[in-house]
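A note on names: the letters A, B, ... follow the listed sequences, proteins ahead of strands, and every chain is numbered from 1.
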Amino acid sequence: MVNSAKSTISRPGAPPDAGEPTLVCEQVTRTFESKRGTVTALDGVSMTVGRERFVSVVGPSGCGKTTLLMIMAGLERASRGSIRIGGQESTGPRDDVGIVFQSPVLLPWKNVLQNVLLPAKIGKRLSPEMRERAQELIEMVGLAGFEKYLPHELSGGMQQRTAIARSLLLRPSTLLMDEPFGALDAMTRERMNMELARIWEVERKAVVLVTHDISEAVLLSDQIVVMSPRPGRIVKTITVDLDRPRTPSVVDTADFRDRVAQVRDLLKEHPAEPGRTDKKEYLR
Amino acid sequence: MTTLQAPAPAPAARRRTVRRSAGSARRRGDPRYVIAAAVVFVLLWQLVVVFGSVPGYMLPAPMDVAKALWHGMTVAPSDRDSYLPHLWHTTSAALAGFALGSGAGIVLGGLCAMNRVVNQVVRPYVFGLQSMPKVALTPLLMVWLGFGNPTKITLAALLVFFPVFVNAYTGLVNVDDTYLRLFRGMSASRWQMLSQLRLPAAMVAVFAGLEMGIVRAQLGAVVAEFLAGQNGLGIILIRFQYVNDTAGAFAVFILLAISSFVLYRVLKASRKRVIFWIPSHTDKR
Ligand SMILES: Nc1ncnc2c1ncn2[C@@H]1O[C@H](COP(=O)(O)OP(=O)(O)O)[C@@H](O)[C@H]1O
Ligand SMILES: [Mg+2]
């Protein structure tokens with residue numbers, strides 16, 4: 001599964017930071033007005049994602065993870081604060097940001113290849129090179145031979161692989177993922193985690209991954225941002241300095257378990273509000 | 001159904017479709033059962049006529065109905081007894097009304113979905129029209145359009161229009177939010193949102209409207225013939241009623257049912273070709 005032929009040298013630790021971080025959130029605050037008053041979904045969230053860094057965001061449901069990701073994607077505006085991507089102030093959706101949503105969001109009338117090519121089609125950038133790129137991505141996510149399949153002919157995991165390939169098509173500098181494997185069963189999910197680790201070794205991007213699976217976060221990330229609910233704030237940022245590339249056996253190391261325990265303890269200190277029923281999500 | 005109105009064939013949704021497919025083969029029915037039921041029904045009918053001493057003008061024997069149907073369908077089309085010219089008149093008027101009504105429904109539904117001003121002006125009137133009993137307009141239509149095809153076609157079109165309009169409109173408007181986000185994330189233009197997302201996504205709903213429409217089109221044509229026709233199956237139904245030819249009326253009724261069913265089936269088949277991405281086992285009916 002680990003594609004060591006393509007990735008160059010396995011180097012321990014995270015890749016070195018070079019120059020300006022790819023993504024910078026500065027004091028991002030977002031409030032929603034409703035009839036029952038003002039909800040502060042995000043309160044002064046600041047974080048940076050270095051070039052080719054993998055950062056996970058964990059926190060209980062309703063702590064503003066999706067809101068934060070959508071603001072980063074330029075699909076939602078911040079009430080205050082700013083986002084910089086690649087050194088530029090970001091004001092809206094942009095080509096150099098790829099998004100993977102919790103559901104695959106594939107067009108059911110387009111086959112795998114057409115779905116992967118959608119960003120090029122919408123951006124009027126279809127070309128033989130793009131098609132080649134799409135083909136390579138399809139192979140990379142393990143869907144070679146399924147190019148002509150329609151989404152409903154694929155399993156949930158395969159649909160999400162297609163969505164990942166689509167998000168990578170235009171070679172974004174930043175990849176934003178909102179609980180991409182949240183709807184998959186535990187087995188598929190574990191496999192997809194390793195796949196994502198491998199894909200990231202090939203397609204190095206600055207990644208922000210929202211998840212509520214602690215093992216997933218530790219397995220994949222260089223850093224884990226732990227958030228607390230209402231108002232959504234960053235409790236702590238934990239650095240994960242396990243060797244890369246990460247292999248399935250890493251989960252059996254003491255370092256791995258330490259990190260998992262650390263994140264879990266932080267989340268226990270900042271539980272979901274009463275009435276929210278998804279605490280059990282952390283028990284896995 | 002796998003639509004964008006309830007999109008994302010997530011695992012849970014998939015499981016549901018799979019489970020449904022297991023039952024649907026059984027539910028779709030074995031043609032042998034259908035035929036057996038028909039035979040039993042006809043036999044019972046014959047028994048009631050023979051032993052129940054029901055007068056023929058109330059309930060004709062199945063054989064008489066079959067004979068009438070056979071005669072009406074096999075005599076030369078130029079013969080006065082032939083059903084064929086009438087079948088043609090009714091069906092062609094129904095189809096013309098269907099084309100007109102559904103075309104108007106799709107165009108107007110699309111305009112309402114795309115433009116807020118058009119929507120606010122047009123929609124209240126359309127819903128106002130819907131709450132009117134449109135069949136009651138027939139006498140007025142006769143005054144304006146006379147006895148004949150224009151009245152038939154207009155009534156059929158009026159009946160077809162509403163379900164198609166509503167379905168086209170809601171299909172275009174109710175596209176899942178995440179898909180809209182996906183397209184906004186790719187900086188899609190309004191036109192791209194329409195052509196690449198909303199239109200194909202709305203096809204499922206549009207076809208649901210068309211399926212309601214095709215049946216209503218025939219209804220409209222026949223009702224107009226009752227009141228204002230010069231030819232067509234509606235007219236010969238009335239004529240048979242005058243002369244107490246109940247077997248003939250039954251035959252015409254069966255012919256109407258068959259032609260309506262055929263039209264519906266043709267539409268179903270074309271739906272399958274247009275909306276090829278919906279697995280056929282999720283089709284209901
Ligand atoms: N469009 C909206 N309108 C009003 N409140 C919203 C909206 N979107 C999110 N919220 C609120 O903001 C908070 C954070 O939501 P969200 O970002 O979806 O959390 P998470 O993804 O961490 O579960 C929640 O309390 C939610 O109710
Ligand atoms: Mg969320």
Side-chain angles (χ1 to χ4, degrees), chain A residues 66 69-70 72-76 92-111 114-115 117-125 149-160 162-163 166-167 169-170 172 176 178-179 181-189, chain B residues 1-21 24 171-172 175-207 271-283:
Chain A
T66 297
L69 211 67
M70 289 302 123
M72 289 174 176
L75 289 172
E76 187 86 66
R94 38 195 294 162
D95 265 5
D96 59 346
V97 174
I99 311 169
V100 179
F101 299 92
Q102 175 159 3
S103 56
V105 214
L106 302 175
L107 297 182
W109 49 85
K110 287 190 187 288
N111 65 31
Q114 292 167 329
N115 265 295
L117 279 169
L118 187 69
K121 175 159 194 181
I122 296 295
K124 301 206 169 70
R125 288 165 63 179
Y149 280 55
L150 290 174
H152 77 82
E153 300 169 308
L154 304 175
S155 70
M158 291 161 98
Q159 292 178 8
Q160 202 54 291
T162 309
R166 176 181 63 194
S167 73
L169 183 76
L170 300 182
L176 306 175
D178 190 6
E179 305 194 31
F181 311 133
L184 303 179
D185 61 87
M187 296 263 288
T188 312
R189 187 186 181 112
Chain B
M1 245 188 242
T2 343
T3 67
L4 291 204
Q5 277 71 44
R14 284 182 62 82
R15 238 170 280 130
R16 216 181 309 124
T17 48
V18 170
R19 206 178 304 133
R20 185 186 299 156
S21 77
S24 77
L172 287 166
V175 172
D176 183 86
D177 206 42
T178 323
Y179 280 87
L180 296 176
R181 280 197 165 163
L182 173 75
F183 271 68
R184 275 201 292 130
M186 297 185 295
S187 308
S189 66
R190 254 176 89 78
W191 166 245
Q192 285 174 323
M193 287 245 196
L194 181 66
S195 63
Q196 300 292 311
L197 180 62
R198 289 183 190 273
L199 270 180
M203 287 320 285
V204 177
V206 167
F207 264 89
R271 171 194 195 273
K272 224 167 248 174
R273 310 203 70 178
V274 175
I275 314 175
F276 58 88
W277 60 89
I278 302 225
S280 56
H281 60 248
T282 58
D283 273 3

| task | Determine, for A:E76 against B:R181, whether the closest basic-nitrogen to carboxylate-oxygen distance falls under 4.0 angstrom. | result | yes

| Minimum-distance pair of heavy atoms, taken over all atoms of A:I122 and B:M186 | CG2-O, 3.5 Å

| query | For A:W109 and B:L197, which heavy atoms make the closest approach, and how far apart are they? | reply | CH2-O, 3.6 Å

| query | How far apart are the closest heavy atoms of A:L106 and B:Y179, and which atoms are they? | reply | O-OH, 2.7 Å

| query | Does a side-chain heavy-atom distance below 4.5 Å link A:K110 with B:Q196? | reply | yes

| Heavy-atom pair of closest approach, residues A:V105 and B:L182 | O-CD2, 3.5 Å

| Based on non-hydrogen pairs under 4.5 Å, which of A:I99, A:T188, A:L170, A:L107 is most in contact with chain B? | A:L107

| task | Search all heavy atoms of A:K121 against all heavy atoms of B:Q192 and return the closest pair with its distance. | result | O-NE2, 4.0 Å

